[in-house]
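These notes are about the structure you will find just below.
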Amino acid sequence: MLTLLHLLSAIALLVWGTHIVRTGILRVYGAQLRRLLSHSMRRTPLAFLAGIGITALVQSSNATALLASAFVAEGLMALAPALAAMLGADVGTAVMARVLTLDLSWLSPLLLLCGVSLFLAQKQNPAGQLGRVAIGLGLIMLALELIVAASEPITHAQGLGQLFAALTGDLLLAAVIGALFAMLTYSSLATVLLTATLAGAGLIDLPLAIGLVIGANIGSGVLAYLNSSLLAAAGRRVALGNLLYKLLGLLVLPLLDPLAAWMQQLPLSLQNQVIGFHLAYNSLRCLLLLPSVTLMARLCTRLLPERATEKSSTVQPRYLDPDALPTPTLALANAVRETLRLGDLAEQMLGHLQDVLQEPRAEAGRELRRLEDDLDRLYGAVKLYLAKLPREALDEAEDRRWAEIIELAVNLRQAGYILAKMQRRAERQSVTRIDLEELAELHAELLANLRLGLNVFLSGDPRSARQLLRQKRRFRALERRLAHAHVDRLHRQVLHSPVTGSAHLELLEDMKRLNSLFCCSAYVVLEAEDQAADRPDEPPGQDRLDGELRRLLLDDAANGPASRATGGTAAG
């Protein structure tokens, strides 16, 4: 029993080591790897090579699948190059399995010593995350040694030998077991390393080991497909094509017995034979299938067509992938994309408000209220997603971006409440034709400022931020001129009633508040530019942003949807 416990603990250490390496690499180089993959997706050969390189670094084909699926879902790349990248990811996994099973026992204690020292000394810096990677590599090598040591007594157990002998006769069952273990450990690499180590220890024979290796590949494909279930159909096609390519590997099962008999004649250890088969199998399979990525893309598009969404359907978060939370760079990018969807909903609400102002109709009012509910739902999802992000893992720039995302999300939610209030006021009170012309002029300016504000938030460009502030001042001047003109008409008794005049002035005031909310991103960008020049060692505006945003989050958590009636928080 104690021997079995030692073996299971060594396996757990192997899985944990691969997880640490993947997390450390993504935290330090996540943005660069993301950029490399996106830039390589224009041509199939480059995408294939990028898939090899990125997977070799992060030691996880699932991480590469996550990136590729997200890019395709966002329309940033075509499906065929993404499938080529996934073929490259399989080769990258096989390459790392070969590297990690080399005789590097002397390197394990050195990596652990240096990694722990570096991580504890600079935990929040990129150097500290590289120390985390060194710890993970050291743990992987140590775990492989412990598995060999723990397996030696087990090889003499008669019952266990009979169990593995029974599995040897059914390669399909062995593939299923390998797939299940890869899904449970979230790592096909860990499964292959474990299989090779057990084979080298004499615990399993070569045919069974080969079946487990093929199953591990399929398990990683199933896992990637399950992880893509929340994406749009375009993103799920990448995972589907990847899974179909891995399932095609089952065609070699009838050839495994003669292949194993031939391999056993080679002057290699059993462990090296398993690793060699894994490398040759994935390399040949992927190179042979690479020319078919275009055909596979067409097949996946036919199997997963775009679903027509009705207008009355409930909007759900599209980019808030929980698997990206351990990697702050990817998680923040997901939150940015979802926050931009909030901006799209606010823009749609603006369009429907104009329809309500021109001719109050029940259909337009219902659509605007539905959009308000969708905006509120997405805001809650973004807020909860960012709350789950480990703040201690963020560097200064990431922490500042976290605050910017929350601030814009809060402003867009408040804008939705104001737009809904304007819709209710427009349905209760009428305005004159002259007022409608003035409101339409302001509406056009407001729509332009919303779009420019989202641009500034996304790009962080100081020049665009200064232009946005100029647009804000222009809007304020226009609003004041229209308010004065309205009062002048009221004085000349052009209006039919003072009630109509009151409605018009309130709508002007609401539009002024909306404009202030849409232009807030300019202040964040310009403040960051100024403080970076004056005090480069301090995060721009962090104290002000953190205090205000934490207050907003606490208030929102306490009040919930009831805070709708409070109106906006930004001042003109």
(request) List in chain and number order the residues that pass side-chain hydrogen bond (donor to acceptor under 3.5 Å, both in side chains) with D344, two or more places apart in sequence or in another chain; answer none if no residue qualifies. (result) none
(message) Can a side-chain donor-acceptor contact be found between S521 and E404 if the only test is distance below 3.5 angstrom?
(response) no
(request) Under the side-chain contact (heavy atoms from CB on, under 4.5 Å) rule, collect the residues that match up with L172, sequence neighbours excluded. (result) D170, L253
(request) Provide the full list of salt bridge (charged side-chain N to carboxylate O under 4.0 Å, His left out) pairs with a residue in residues 214-232, sequence neighbours left out, each pair given once. (result) none
(message) Under the rule for side-chain hydrogen bond (donor to acceptor under 3.5 Å, both in side chains), what residues qualify as partners of R298, not counting sequence neighbours?
(response) none
(message) With side chain to side chain contact (heavy atoms under 4.5 Å, CB included) as the criterion, how do I405 and F457 come out once you've worked through the C-alpha distance, each side chain's angles and the decisive distance to 0.1 Å?
(response) CA-CA 8 Å; I405 297 170; F457 164 75; 3.9 Å; yes
(message) Regarding R377 and D373, does a basic nitrogen lie under 4.0 Å from an acidic carboxylate oxygen?
(response) no
(message) For R318, give me all partners under side-chain contact (heavy atoms from CB on, under 4.5 Å), at least two apart in sequence or on another chain.
(response) E338, R341
(request) State which residues pass side-chain contact (heavy atoms from CB on, under 4.5 Å) with A89; sequence neighbours excluded, sorted by chain then number. (result) T55, S61, T64, M86
(message) Once ring pair (Phe, Tyr, Trp, His ring centres under 6.0 Å) is applied, do any residues pair with F277, and if so which ones, sequence neighbours excluded?
(response) Y281
If you look only at distance, which donor and acceptor atoms sit under 3.5 Å apart when one is on a side chain in residues 238-252 and the other is two or more places apart or in another chain?
unit_1 : atom_1 : unit_2 : atom_2 : d
Y245   : OH     : S292   : O      : 3.3
Y245   : OH     : S292   : OG     : 3.0
Y245   : OH     : V293   : N      : 3.4
K246   : NZ     : D90    : OD1    : 2.4
K246   : NZ     : D90    : OD2    : 3.1
K246   : NZ     : S220   : OG     : 3.4

(request) Apply salt bridge (charged side-chain N to carboxylate O under 4.0 Å, His left out) to R98 and list each qualifying residue two or more places apart in sequence or on a separate chain. (result) none
(message) According to side-chain contact (heavy atoms from CB on, under 4.5 Å), who are the partners of A522, at least two apart in sequence or on a separate chain?
(response) A465, L468, L469
(message) Suppose we screen for side-chain hydrogen bond (donor to acceptor under 3.5 Å, both in side chains). Which residues come up paired with N217, at least two apart in sequence or across chains?
(response) N282
